[in-house]
Amino acid sequence: ASAQGRDTVQVAGSSTVLPYATIVAEAFGENFDFPTPVVESGGSSTGLRRFCEGVGENTTDIANASRSIRESEIETCAANGVTDIIEVRIGYDGIVFASDINGNSFEFTPSDWYLALAAELPVDGEMVANPNTNWSEVNADLPDQEIATYIPGTRHGTREVFDENVILQGCEDTGAMGAMMEMGMDEDAAEEACMEIRADGVSVDIDGDYTETLARIAANPEGIGVFGLAFYQNNTDTLQVATMGGVTPSVDTIASGEYPVSRPLFFYIKAAHLDVIPGLQEYAEFFVSDDIAGPFGPLAAYGLVSDPELAETQRVVAERVTMGDM
Amino acid sequence: MTDAAANSGPDKGAAPKRSIFAQDARTKRRNAAEARFRAYGLAAVIVGVVALILLLVSILSNGASAFRQTYISFPVTLSEDRLDPAGNRDPAEMARVTTFGYLPVIAQAFADAIEAEGLAHEVGLRSLADMISDEAPAQLRNSVLANPDLVGQTLTVEVLAGGRIDGFFKGRVTMESAERDANVTPEQLQLAQALAEAGMLETRFNWDFITAPDASGQRPEAAGLGVAILGSFYMMLVVLALALPIGVAASIYLEEFAPKNRLTDLIEVNISNLAAVPSIVFGILGLAIFINFAGLPQSAPIVGGLVLTLMTLPTIIIATRASLRAVPPSIRAAALGLGASKMQSVFHHVLPLAAPGILTGTIIGLAQALGETAPLLLIGMVAFVREYPAAPPEGLFDAASALPVQVYNWTQRSDPAFVERASGAIIVLLIFLLFMNALAIFLRRRFERRW
Amino acid sequence: MEDTKMNTMRLTERAVDNNEIKMRARGVDVFYGDTHAIKSVDVDIEDNTVTAFIGPSGCGKSTFLRCLNRMNDTIDVARVDGQITLDGEDIYDKRVDPVQLRAKVGMVFQKPNPFPKSIYDNVAYGPRIHGLAQTKAELDEIVEKSLRRAALWDEAKDRLDQPGTGLSGGQQQRLCIARAVATSPEVLLMDEPCSALDPIATAQVEELIDELRARFSVVIVTHSMQQAARVSQKTAFFHLGELVEFDETTKIFTNPEDQRTESYITGRIG
Amino acid sequence: MEDTKMNTMRLTERAVDNNEIKMRARGVDVFYGDTHAIKSVDVDIEDNTVTAFIGPSGCGKSTFLRCLNRMNDTIDVARVDGQITLDGEDIYDKRVDPVQLRAKVGMVFQKPNPFPKSIYDNVAYGPRIHGLAQTKAELDEIVEKSLRRAALWDEAKDRLDQPGTGLSGGQQQRLCIARAVATSPEVLLMDEPCSALDPIATAQVEELIDELRARFSVVIVTHSMQQAARVSQKTAFFHLGELVEFDETTKIFTNPEDQRTESYITGRIG
Amino acid sequence: MPLFWIIVLLIVLGAVGYVIGRRKAMSSAGGDSRVLHSLPGYYGANVAMLTLVPALLVLAVWLVVQPMLVGNAISHLIPERVVEEVGSRDLVLGEVRRVADGLDQAVAQGALGRDEARSLSTEVTNVRDRLAEVGVALGSDVRPEVLQAAQRYRELTASANVARAFVVLLLAALGLAYAYVKTHQEFRARNSVEHGILAILLLASTIAILTTLGIVLSMLSETFRFFDLYPWQQFFFGLEWRPSFEGGSELGLIPLLWGTLYISLIALLVSVPIGLFAAVYMAEYASKRVRSVAKPMIEILAGIPTIVYGLFALITVGPLLRDYFAEPLGLGTSSSSVMTAGIVMGIMLIPFVSSLSDDIINAVPQSLRDGSYGLGATQSETVKQVILPAALPGIVGAVLLAASRAIGETMIVVLGAGAAARLSLNPFEAMTTVTVKIVGQLTGDTDFSSPEALVAFALGLTLFVITLGLNVFALFIVRKYREQYE
Ligand SMILES: Nc1ncnc2c1ncn2[C@@H]1O[C@H](COP(=O)(O)OP(=O)(O)OP(=O)(O)O)[C@@H](O)[C@H]1O
Ligand SMILES: Nc1ncnc2c1ncn2[C@@H]1O[C@H](COP(=O)(O)OP(=O)(O)OP(=O)(O)O)[C@@H](O)[C@H]1O
Ligand SMILES: [Mg+2]
Ligand SMILES: [Mg+2]
Ligand SMILES: O=P([O-])([O-])[O-]
């Protein structure tokens, strides 16, 4: 065991939350006497795994996550002595569909995506392989352009949101779900069938990050990619965004709930560390303060959809309300 | 003399004497094969070099601009009522004014300066503030807190221009792209152009890129490599100090001293196999052993160095063993016959003769270690770190980042301004690598000899 | 024990005819970096003749020998000046392919250097690259014949597949002779081919040399005056890089012209 | 040309005293893998005596020689049975440090194997690791003396800092002799030390051997019957891995007991 | 005594040991090194070794054990109540250490007197503020128990440090004395020192074994957890790789393994010929100048971060292959493909093959080349038939290294070959490798105790076993075809 006590806040986790966490950490370091927290990336899962490794100086204080912590993870945490966890929701991440700025513009509905990407579609009481290769075949209103999509790989939390809020939604909207259940599938099987994405190369899974998706679109200007809102906002000179159900994604439309595809972002504090690691409490409070996470703060400027219930979050942090207490 | 020329005629077989100038069919074939072989060799070298040049050109063309940065200078009046409401110049009190409090001061001063210069423009105050880096308030605040007496004075500050403005002067942002870009307007660019003509704005070499710590995604213009360079340097210190001696020692034992039996076969296979273990698995190992078991701190170069050492060891061992094996046994026999001990024959004769191969293994191993990110992911070094680690040895235990990590992080950032910085970081990494290699290559040339 | 049979120097009885000149060296200089190892040497190697190079150790015999098939090309620091012809053709000419030259002018090196291959492969190496055998049987024959001629067959026949590097010093030397003979060169350069051989093996190799002479020319470097007298028709005496005397062997050993030659061949020990 | 001076076999006139036995080999067998290279050999190496090993190439002389300082340990496939003592102590005993043994029993190999270092460093290596010189001047002296004794000084003195591998074959051989002599071993094993040497150099080396005999014992492998007769007091004749005969040199060469010995030494050529 | 000074003293003792050991040996030999068993330096080194090694070993153990013992000791001082409040004993101990460190620093900076630090109490002073003055930040106010424990910690540590210095230095002195006494003309100092060195060499070679052990152990339990959650038959023989968040993932190994082998094979097909030819050219044909430039240049290829290669594959090579090969040949329209990743990875691997092979080829004795040239062989024949066989073991080592690197690579595969696990023969299709999925599943968003995340460990271990098999095979090949020169 190292003799030195740790005096830097240690944060780990989601790469989606990372940009926001670094903005906060940087400002925190500038405005407080505490050292700038160390923010690791590596994914929500890694962050939580490290977080749950136990209590003590060589474990992280905060885990960033682009999803909420799972029940099984809480159990693992508890088994390792991490019992008091404070869950902090910092806002929402909008998920947008964008294509090359010089190409066609798109106005999508979830149904379009379902029809374009489903592995199999129900036709006359039978599941047949998806025959669609052109957007105009999916929906006559869409431009005559080959379907080529870059969607997050199955390791990304974004994929889960995409599957549920877009594909499954589309499946229901087109009535395909109903058709499947009529074919004798139970609800689970039907949902699963809805969310199965075609594997014939029309849709490409991206295991990397949005910069990879952007590079793929640069390599194939007919492609349509899935991005985070913040990423899109920083690249409006090369990307154009598609509407979903007639709503243009923006901080406002997502905050109001009009735009359907978004997910909440969190960080988790190890309560046991609060009084021990210098600056931890201050960092957490600073993160959720109006100056930072409010609708006019730097996080919103960067693309975070500010949480309308920020005040409640601030209370949770200030009063250290752990998950069990809620 | 002989009738050689006559004999070199077409009558094969009959006349044994053939001119050595004229090649027979078989020799022609063999020489053609020789020429082909040689051409393949040359082609292979050229492929390697061309690939390198291609990659270097793309890195350089993308990254050279990272070493230049755009600065704006203008006078700022540090008004007491904004920056020291208590009026007692107590730094503790003044620290209450956060960077958010400094922002309007700077924005206003910038607007005033432009007006004083007499430049006409249609940019609102908020957009004016956007032209200046978010780093500026922090810069100003730090200098004010360091010297509270500045309050009340007017001083000329030089601040970083925002990323898009900077990009405009590097050709990355154009008027056309600004039309479509939500983050910058053509008016801002025109104003920037005017400022440059008025001498308030200049683009010049940027030491901060090499010395400053990383910055958040909002401030690409301020992001630097200071912490990463230190982190990589520390890690390489650890790797070099451990991997080279341990690797060479292990190879010597296995190749020269170990009894040749099943066990040593097992060790040999095992070491080759370690080379095939994906680097992230070494991260898993490092996390389990060095952090969770030995209790070393996270994100620390010591842990990174240890993990990379374990990862580099197989490379060095394989290279070293191969070159030890290549030393002819007669050299060993000569030394032993003179009454040298085995140890002496190895250290005096065999090792120097194997040195070129050892150094090659070290170069390749270190190059790999220097550019590796995956194992660092699990031990917390793929991180945003702004505090410089202290000098070694304590500094080895402080949090730090690393050059490849910085590249990895920056390529993931959404602001396109980070693309040039990632390439710039790669340039620094390669320079770092060249420095490390230069010594090894020099040594290798000294040791190379044929017998 | 003063057995005369063993100690009599036996000069070859064959008359020395005027043979054609196979190789002609004129004004050959060799430098190793700054050292002048061979100084303006003129030598004629005749066809169907054994030429012996004698001289004290380090006088440049090997160096000069290596000029004759351009083996010096492979030494970085070595530089050769002057002219050497083979059948009237300058072997240092640009158009000459040293590979073809070396196929015609074979070489046995002073230090035995078998390849780390089986004995068979060592001998078969030359015939293979020169395509001297059409079939495996032919190759086997060449190998056997060469090993027999080099007096190694009896010792090697049961271990043809074992590495040549596992042989004794003298066996390695004979292996290298067999290897060189197997390629049937027109001129064979042999650098002390019997230095590690016992008298019987030496006799066999000398017989081989005599046999080869019928068809080719042979150049042999030797320290044994007796051997030179026994096998050669012409002898060249080198001293400190210079060619002191070059004449018919009988002449050199009975009536040398140069003082240095005389003192060398009459040197205290023979 | 039938110069008798050169061809007379000169037997050493010194009386062969009964010296102490320095090394004693009993029932030594050596196997290379399955090959039985040395078959139950008994030999006594006396102090202040030169012992010659003769025999046809490949008969096991080098192999047996290498047993005497345990150089066979370094060959993986080699296995040695039997007993060899040095001053009464079993050299294959577990407690024996082969390093110390080899410092006492020096060796000159059949193939010259200079280190790829300067000539000076080649010779100075042994004295350095054995601490034979206190000062640089002493070391210089040892180097010079050794090179002189090996008859290489004149040729090497101006190029002491040049690599030993750039020497001629015979020069390398003498370098290796100088290197072995420099460590002042008690027993010196020389495997064909004069094979690449001209008569004069050979004479000088033989003189050296004689000089060494005054203090140590020397074992020499040679193919030259004359040389064996000239320098040795005892001669061992090997044949096909067996020790056929071992006796005083005069006896072997004048009145051999075994038929094989006789036919070898009276072999067609001497 | 601070650690630094102990080490300095040890070094001094070692140096003294060296000098006096050497001197005694010399004087026992009457000043004549010739009668010594070993060189005088060995006697010195032997004394230095016996002085330093045991002392340093004990010091190392001490450094590990002392904090544990002291921690144990003070942990009794901390009431259960405090532990409960804070959450874990570990954390309280950390806090205690931080306070103790802070006090140390304060004393060192003169902000606190020694006695003051010892008698400080929470009632009188605000410890947090005091420490903040000297730059030690604490997370919260200091509990009285913690302060007491910290003070006790300082006392214990102080006395333990005294003991440490005493024991270590005593040991060093004993070692020195023992070795010094044994130093004598007859003493086999070289053997003793060489035994020491051999022990070090042996120790170094066990590190590789320990690493393997560590790797296996650190993955084993998670692998078992995975197989608890997921049937092994489906993992090993499954032909589908389709993880999903909703459960019901299919995690078949085969497509990943296929991708790994396919991509590695192509990478080797690119890098081995090019690397070998380059090595041969540099070692046999190129002039010294060309070689001294080309070799280091090609080595830089190994140092370029893989992300650069990845982007090169994605942006340049991929579209190129698609437009000029895949589409014209009707083999698909994917720009990320096995081919793309394989070729680009092959380029990266060139130096692995070329540099090491070049060194080994260079080490083949010149006499073998001479032998071959003397028989009239061309240079290429010599290379192919004499030099390469002689250099084979080293070259196989180099190729194995390249293959290993190919199997372990992620970035190039992610960007060049895509992320889709697929079983296909078409080299212009996107595929992926085991390593990519290890990284992906380990750093992804899935629940870390779900099979989707745990599968990373199973994949790692499986890959480990498979490469072990390949290596055994390679060793077998080398043994069979090895040609030992001289
Ligand atoms: N390393 C080895 N592996 C296998 N066999 C060997 C090895 N060394 C020698 N031999 C065999 O052992 C026998 C004796 O060899 P040795 O070298 O002792 O002969 P020698 O008497 O020295 O011959 P020469 O006069 O030719 O040097 C020979 O048949 C030889 O082929
Ligand atoms: N590679 C080399 N580099 C430098 N000098 C060399 C080289 N090879 C030979 N020499 C020198 O050139 C001279 C002639 O050498 P050469 O090998 O021709 O002698 P030699 O007559 O064959 O002697 P020996 O009978 O001892 O083999 C010697 O002085 C030798 O030291
Ligand atoms: Mg010679
Ligand atoms: Mg021998
Ligand atoms: O890194 P993520 O967990 O947000 O994908």
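Just so we're on the same page: letters track the sequence lines, and every chain starts at 1.
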_Which heavy atom of E:Asn471 sits nearest to which heavy atom of B:Ser272, and what is that distance?_
OD1-CB, 3.0 Å

*Between E:Phe277 and B:Phe37, does the ring centre distance come in under 6.0 Å?*
yes

Out of [options], return the one with the most heavy atom pairs under 4.5 angstrom to chain E.
| options | result |
| --- | --- |
| B:Ile280, B:Leu287, B:Leu403, B:Ile317 | B:Ile280 |
| B:Ala369, B:Ala440, B:Ala322, B:Ala275 | B:Ala275 |
| B:Glu372, B:Gln344, B:Arg321 | B:Gln344 |

Part of [X] lying under 4.5 Å from any heavy atom of chain B:
| X | answer |
| --- | --- |
| E:Leu463 | side chain |
| E:Phe352 | both |
| E:Thr443 | side chain |
| E:Leu356 | both |
| E:Val383 | side chain |
| E:Glu194 | both |
| E:Ile207 | side chain |

*Mind checking side chain to side chain donor-acceptor pair (under 3.5 Å) for B:Asn292 and listing every partner two or more places apart, or none if nothing turns up?*
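In terms of side chain to side chain donor-acceptor pair (under 3.5 Å), with neighbours along the sequence ignored, B:Asn292 is linked to no residue.
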
Starting at [atom1] of [X], measure out to [atom2] of [Y] and round the result to the nearest 0.5 Å.
| X | Y | atom1 | atom2 | result |
| --- | --- | --- | --- | --- |
| E:Gln379 | B:Asn31 | CD | CG | 11.5 Å |
| E:Ser205 | B:Glu255 | OG | CD | 12.0 Å |
| B:Tyr253 | E:Leu203 | OH | CG | 11.0 Å |

*Side chain to side chain, E:Leu442 and B:Leu378, heavy atoms closer than 4.5 Å*: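 Yes, close enough: below the 4.5 Å cut-off.
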
*Answer yes when E:Lys384 and B:Glu34 have at least one side-chain N-carboxylate O distance shorter than 4.0 Å, and no when they do not.*
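No, no charged N to carboxylate O under 4.0 Å.
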
Anything under 3.5 Å between a donor and an acceptor, one on a side chain of residues 50-57 of chain B, the other on a protein residue two or more places apart or in another chain? List them.
none

